[in-house]
Amino acid sequence: QVQLVESGGGLAQAGGSLRLSCAAPGFSMYGLGWFRQAPGKEREFVAAISWNGGNIYYADSVKGRFTISRDNAKNTVYLQMNSLKPEDTGVYYCGATQASYYLDDGSQYEYWGQGTQVAVSS
């Protein structure tokens, strides 16, 4: 059974940092992305990386603050989150897609993790 498992969430102060990890065994040939869902809002795109790391995409709201990376040898994708803001609060989900384009579109993703909670206090 293929699965994605997120970790690294928690509570941070505004301006602080967190690093999320997503264990993704068997997904080395998939694009991997991070999405988040704030209370009362729809899930939104955060960042994505192609299977070989050659293409990386960010939502405008996180550009310059978040960095996505992957280590296929460790079957893991990371999301380094710096300069956190209260509006970054939400459940962060890792997803996997066979698509090569439109990695910012959640409908392209075939697999999802259970999510990890991030809370940023002001």
Side-chain angles (χ1 to χ4, degrees):
Q1 180 179 1
V2 294
Q3 61 178 357
L4 302 166
V5 181
E6 304 95 335
S7 62
L11 178 64
Q13 291 188 332
S17 298
L18 285 173
R19 188 194 197 202
L20 305 184
S21 298
C22 174
F27 290 103
S28 61
M29 299 300 291
Y30 283 67
L32 297 173
W34 288 96
F35 290 72
R36 67 187 180 190
Q37 187 167 19
K41 295 187 177 181
E42 294 186 353
R43 188 177 301 187
E44 66 173 2
F45 169 72
V46 176
I49 186 168
S50 60
W51 72 274
N52 62 354
N55 294 298
I56 291 176
Y57 309 89
Y58 295 102
D60 288 343
S61 59
V62 306
K63 280 181 182 176
R65 300 189 298 120
F66 290 11
T67 302
I68 189 171
S69 61
R70 67 187 296 165
D71 185 338
N72 283 343
K74 295 183 178 180
N75 298 310
T76 303
V77 61
Y78 305 97
L79 185 68
Q80 178 67 44
M81 306 188 295
N82 299 329
S83 302
L84 284 164
K85 303 176 180 180
E87 50 264 44
D88 294 319
T89 294
V91 178
Y92 281 68
Y93 297 92
C94 174
T97 176
Q98 295 186 76
S100 298
Y101 303 99
Y102 307 113
L103 296 187
D104 59 344
D105 182 353
S107 68
Q108 299 288 333
Y109 288 74
E110 297 93 351
Y111 301 94
W112 293 97
Q114 292 300 306
T116 185
Q117 177 72 53
V118 170
V120 182
S121 62
S122 58

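Values below: every heavy atom of this structure, side chains too, minus hydrogens, waters and symmetry copies.
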For the atom pair [atom1] ([X]) and [atom2] ([Y]), what is the distance rounded to the nearest 0.5 Å?
X: F45; Y: S61; atom1: CZ; atom2: OG; value: 9.5 Å
X: C94; Y: F27; atom1: SG; atom2: CZ; value: 8.5 Å
X: D104; Y: Y57; atom1: CG; atom2: OH; value: 8.5 Å
X: R19; Y: S7; atom1: CZ; atom2: OG; value: 9.5 Å
X: N55; Y: S50; atom1: CG; atom2: OG; value: 4.5 Å

Please confirm whether R70 makes a cation-pi placement over Y78, using NZ or CZ under 6.0 Å from the six-membered ring centre and within 45° of the ring normal.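 Pair R70/Y78 does not count as cation-pi.
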So, do Y109 and F35 have ring centers that fall under 6.0 Å from each other?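 Yes; F35 has its ring centre under 6.0 Å from that of Y109.
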Would W34 and F66 count as a close aromatic pair, with their ring centres under 6.0 Å?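 No.
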For a quick test of reading the model, state the closest non-hydrogen atom pair linking [X] to [Y] and the distance between them.
X: Q108; Y: Y102; value: CG-O, 3.5 Å
X: L20; Y: V118; value: CD2-CG2, 4.0 Å
X: L84; Y: A12; value: CD1-CB, 3.8 Å
X: I49; Y: I56; value: CG1-CG1, 3.7 Å
X: Y92; Y: R36; value: OH-NH1, 2.9 Å

Please answer whether the main-chain N or O of A119 pairs with a side-chain N or O of T89 as donor and acceptor at a distance below 3.5 Å.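 No: the side chain of T89 does not pair with the backbone of A119.
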Could you tell me whether a side-chain N or O of N72 sits under 3.5 Å from a main-chain N or O of N75, the two making a donor and an acceptor?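 No; zero donor-acceptor contacts below 3.5 Å.
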Determine the sole option in L79, T76, V77 for which the side-chain contact (heavy atoms from CB on, under 4.5 Å) test with C22 is passed.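 With C22 as partner, side-chain contact (heavy atoms from CB on, under 4.5 Å) holds for just one option, V77.
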Would you find more than 12 non-hydrogen atoms of other residues, nucleotides or ligands less than 6.0 Å from [X] atom [atom1]?
X: Q37; atom1: CD; value: yes
X: W51; atom1: CH2; value: no
X: Q13; atom1: CD; value: no

Side-chain ion pair, D88 and K85, N-O less than 4.0 Å: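 Salt bridge: no.
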Check against side chain to side chain contact (heavy atoms under 4.5 Å, CB included), S17 and Q80: CA-CA 7 Å; S17 298; Q80 178 67 44; 4.0 Å; yes
Run the side chain to side chain contact (heavy atoms under 4.5 Å, CB included) test on W112 and Q3 for me, step by step, so that the C-alpha distance in whole Å, both residues' side-chain angles and the decisive distance to 0.1 Å come before the verdict. CA-CA 7 Å; W112 293 97; Q3 61 178 357; over 6 Å; no
Cluster question for you: counting only ILVMFWY and a side-chain heavy-atom cut-off of under 4.5 Å, with indirect links fine, are Y93 and L4 together?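 Looking at the clustering, L4 is in a separate group from Y93.
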Are L18 and V120 connected, step by step, through hydrophobic side chains (Ile, Leu, Val, Met, Phe, Trp, Tyr) whose heavy atoms are closer than 4.5 Å?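 Looking at the clustering, V120 is in the same group as L18.
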With a 4.5 Å cut-off on side-chain heavy atoms, are M81 and R65 touching?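 SC-SC contact between R65 and M81 ruled out.
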